[in-house]
Amino acid sequence: LEYVCASTEESRKSYEEKRALALKTNRRPRMEKLDPRPYLRLLERLDQQYPPSQRGDMLVFLSGLNEIQTLAHELRAYAAQTKRW
């Protein structure tokens, strides 16, 4: 019985250590900003493929407020420059 309990405790610790490591390595640091270039390239490609008369919307899902604000700032600048979005 003691062996089973020790094994279960070791297994729980191992799981918790692996989970903590996975959480630590899978998250971006908070100070790292979203790279808006892939989104801007997508808009440029759409602008090249479709005439201005064919307007549409683009829906983007992001993980947090910082990412939303960063991308919104860049997309506003692009829209002001191209007058298409």
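Note that the structure is predicted; figures quoted are calculated from it, not measured.
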What residues, two or more places apart in sequence or in another chain, satisfy side-chain hydrogen bond (donor to acceptor under 3.5 Å, both in side chains) together with R37? D35
With sequence neighbours excluded, tell me which residues meet side-chain contact (heavy atoms from CB on, under 4.5 Å) with [X].
X: L71; value: L34, P36, Y39, V60, L62, L75
X: E44; value: R41, Y78
X: Q49; value: R45

Closest approach of G56 to W85 (non-hydrogen atoms, all atoms of both residues):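 Answer, listing the atom of G56 first, then W85: O-CZ3, 3.9 Å.
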Inter- and intrachain pairs under salt bridge (charged side-chain N to carboxylate O under 4.0 Å, His left out), touching residues 73-85, at least two apart: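 Listed by first then second residue: D47-R84.
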